Asker: 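This is the structure, below, for whatever I ask next.
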Amino acid sequence: MLSALPVRARVRRLALAVSTVGFGQSAFVALVPLITQRTGLGTGEIGLAAAAGALAFVFGAPLVGGHGARRGHGATLRVLGGVLLAGQLALAGLIWIGPLAPFAGLGILVASRIIYGLGASGVMPVAQAWVAFQADGRERQSLLALLSAGLGSGRILGSVAAMTAGLAMPIPFLLLVLSPITLVLAPGGARKSSVTCAGFRMRPSRHMLPFLAIGFCLTMGFGQVQMILGPFLQGRLGVEAAFAATATGLILALVAVVMILVQVVVVPRLPFGQKPSVVSGVGLLALGALVAAASGGLASCAAGFVLCGAGVALASPAYLAWLVSRLTPEEQGAGAGWLASAHVLGQGAGALVGGYAFTVWPPLPFATCALLAAGVAVAVMAMKPAAD
C-alpha cells in the first residue's frame with residue numbers, strides 16, 4: 001500500500017509531482033525571445049504578465065496550502081493539475097494564433113499567467129506541508145531539499161523543452177500543455193488533517209515576516225536575471241531569437257543540475273545549521289550575478305548563473321526549515337503557503353523590474369540582484385539563530 005511506503009520514498013513521489021512547476025517556470029523564461037517574436041510584445045509587457053500571475057499566486061498559496069491538509073494532498077494536487085492545464089492551453093493558443101492587436105495579445109497572455117499562477121500556487125505548499133508534518137529537525141531540512149530537487153528536475157526538463165524550439169517552434173509549447181500530467185502521479189495524504197478553516201486562512205504572523213522578506217528578496221533578485229537572460233545573450237552575442245532561446249535553455253538546464261546536486265548531495269551533509277546556510281547561499285547569489293554581468297561570452301555567463309543557482313539551492317531549504325520549526329503543525333501548511341507566495345511574488349516583481357531595467361541598461365538587473373542578496377545577508381546575520 002502507498003501509505004506503507006517509507007517517508008523518503010513518498011517524498012520522491014511528491015518531488016516528481018511538483019516538477020511540473022519547475023518545468024513551467026524555466027520553459028517560460030527560456031521561451032521569452034520566441035514569445036516576443038510570436039506575439040509582438042516586449043520584455044516589459046511579458047514581465048507585466050508574469051507579475052500578474054505572481055499576484056494570483058499570492059492569494060492562492062496560503063489558502064490552498066491549508067486546504068490540501070484538510071482534503072487530502074493527492075486529490076488537491078490533481079485538481080491543481082487541471083488548472084495548470086487551462087493556463088498552458090491559453091498560452092499555446094496565443095502562440096498558435098500569432099500577433100494580435102497589442103491589448104488583445106497582452107490580455108490573453110495576462111489571463112494565461114493568472115490561471116497558471118492560481119494552479120501553481122498550491123503545488124509546493126501542499127507538498128511542503130506534508131513533509132513538514134511527517135518529519136522534523138535535520139531530516140525535515142533534508143526532505144525539503146529533496147522536494148526542491150524535484151522542482152529543479154522540472155527546471156531541467158523545461159529548459160530542454162525550450163531547446164526543441166530549434167527543431168520546430170510549436171514543440172516546446174506542446175510540451176508545456178502536457179507537463180501537468182506529473183501531478184496525476186502524486187501520492188495522496190495518508191489521512192486528512194483536522195486543521196480548521198481559521199487555521200488555513202490565517203494571516204501571516206509577525207514571526208513569519210522575516211522569512212517572507214528573505215524569500216521575496218532572494219527570488220526577486222534571481223527572477224530578474226532569469227527573466228532577461230535570453231535578451232541579454234541575444235544582445236551580448238549578437239544572435240537570433242531562436243539561438244538565444246536555445247542557449248538560455250542550455251544554461252538554465254545546467255543551473256538546475258547544479259541546484260539538484262547541491263540539494264541532494266550537499267545540504268544533507270552540511271556541518272553547520274540553517275543560519276550559516278542562508279548567509280552562504282545569498283553570498284553565492286551575489287557573486288554569481290556579478291560574474292554574469294561582467295561576462296563576455298556564453299561560458300562565463302553560464303558560470304555566473306551556476307553560482308546563482310547554487311546559492312539559491314543552499315539557502316532556500318534552510319530558511320524554509322527555519323520557518324516551519326517555529327510553527328505549530330496547524331500553521332505549517334499556511335506558513336509554507338505564505339512563503340511560496342513570497343517566492344512567486346518575488347519572481348513576478350523580478351520579472352517586471354528586470355524586464356524594464358534591462359531596457360535602461362542591460363547589466364542593471366544583475367547589479368540589483370547582487371545588492372538584494374547583500375542586503376539579505378546582512379539582515380540574516382542579525383537574526384536569532386535557528387534551533388537546529
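Predicted, not measured: the structure shown is a model, and the values here were computed from it.
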Asker: Cluster question for you: counting only ILVMFWY and a side-chain heavy-atom cut-off of under 4.5 Å, with indirect links fine, are L209 and L323 together?
Answerer: yes

Asker: Hey, what do you get for CG (L229) to CD (Q224), rounding to the nearest 0.5 Å?
Answerer: 13.5 Å

Asker: What side-chain hydrogen bond (donor to acceptor under 3.5 Å, both in side chains) pairs are there with at least one residue in residues 343-356, not counting sequence neighbours?
Answerer: Y319-H343

Asker: Identify the heavy atoms of L176 and A27 that sit nearest to each other, and give their distance.
Answerer: CD2-CB, 3.7 Å

Asker: Would you say L175 and F23 make side-chain contact, with heavy atoms under 4.5 Å?
Answerer: yes

Asker: Report yes or no: does S325 contribute a side-chain atom to a donor-acceptor pair with the main-chain N or O of W322 at less than 3.5 Å?
Answerer: yes

Asker: For the atom pair CG (L183) and CZ (R78), what is the distance rounded to the nearest 0.5 Å?
Answerer: 9.0 Å

Asker: Given L339 and V324, is the side chain to side chain contact (heavy atoms under 4.5 Å, CB included) satisfied, shown in steps?
Answerer: CA-CA 10 Å; L339 187 57; V324 298; over 6 Å; no

Asker: Can you name the nearest heavy-atom pair linking S121 to L118, along with the distance?
Answerer: OG-O, 2.7 Å

Asker: Mind listing the closest non-hydrogen atom pair of P172 and A161 along with its distance?
Answerer: CB-O, 3.2 Å

Asker: Which atom pair, heavy atoms only, marks the closest approach of P365 to V225?
Answerer: O-CG1, 3.9 Å

Asker: Can you tell which of T76, L14, V18 makes a side chain to side chain contact (heavy atoms under 4.5 Å, CB included) with V123?
Answerer: V18

Asker: Does atom CD1 of I181 have more than 12 heavy-atom neighbours, drawn from other residues, nucleotides or ligands, at distances under 6.0 Å?
Answerer: no

Asker: Any side-chain heavy atom of I260 sitting closer than 4.5 Å to one from I156?
Answerer: yes

Asker: Are L252 and L167 joined in one hydrophobic group, where the rule is that I, L, V, M, F, W and Y side chains link up if heavy atoms are under 4.5 Å apart?
Answerer: yes

Asker: Judged by atom type as modelled, is there a donor-acceptor pair below 3.5 Å linking the side chain of R236 to the main-chain atoms of C301?
Answerer: no

Asker: Under 3.5 Å, side-chain donor or acceptor atoms of residues 79-96 against the rest of the protein: list the pairs with distances, not counting sequence neighbours.
Answerer:
none

Asker: Would a 4.5 Å heavy-atom cut-off, applied to side chains only, mark I46 and M227 as touching?
Answerer: yes

Asker: Let me confirm one number: the CD-CG distance from Q263 to L151, rounded to the nearest 0.5 Å.
Answerer: 8.0 Å

Asker: Can you tell which of T246, I228, I251 makes a side chain to side chain contact (heavy atoms under 4.5 Å, CB included) with L233?
Answerer: I251

Asker: If hydrophobic clusters are built by linking Ile, Leu, Val, Met, Phe, Trp and Tyr wherever their side-chain heavy atoms come under 4.5 Å apart, do V255 and V257 end up in the same one?
Answerer: yes

Asker: I need the full list of ring-ring contact (aromatic ring centres under 6.0 Å, His included) pairs touching residues 221-241, with sequence neighbours left out, sorted by first then second residue.
Answerer: F232-F366

Asker: On a heavy-atom basis, which atom in R113 and which in A49 lie closest, and how many Å separate them?
Answerer: CB-O, 3.3 Å

Asker: CG of L320 to CD of Q128: how many Å apart, nearest 0.5 Å?
Answerer: 5.0 Å

Asker: Between F211 and R326, is there a cation-pi geometry (under 6.0 Å to ring centre, at most 45° from the normal)?
Answerer: no

Asker: Nearest 0.5 angstrom please: L147 CG to R12 CZ, how far?
Answerer: 12.5 Å

Asker: To the nearest 0.5 Å, how far apart are CG in L31 and CZ in F173?
Answerer: 4.5 Å

Asker: Does one hydrophobic cluster hold both F28 and I97, with members joined at side-chain heavy-atom distances below 4.5 Å?
Answerer: yes

Asker: Between S179 and T20, is there a donor-acceptor pair closer than 3.5 Å when you use the side chain of the first and the backbone of the second?
Answerer: no

Asker: Same cluster or not: L290 versus V378, using hydrophobic residues (I, L, V, M, F, W, Y) connected whenever any side-chain heavy atoms lie under 4.5 Å apart?
Answerer: no

Asker: Of all the heavy-atom pairs spanning T219 and G346, show the shortest one and how long it is.
Answerer: OG1-CA, 3.5 Å

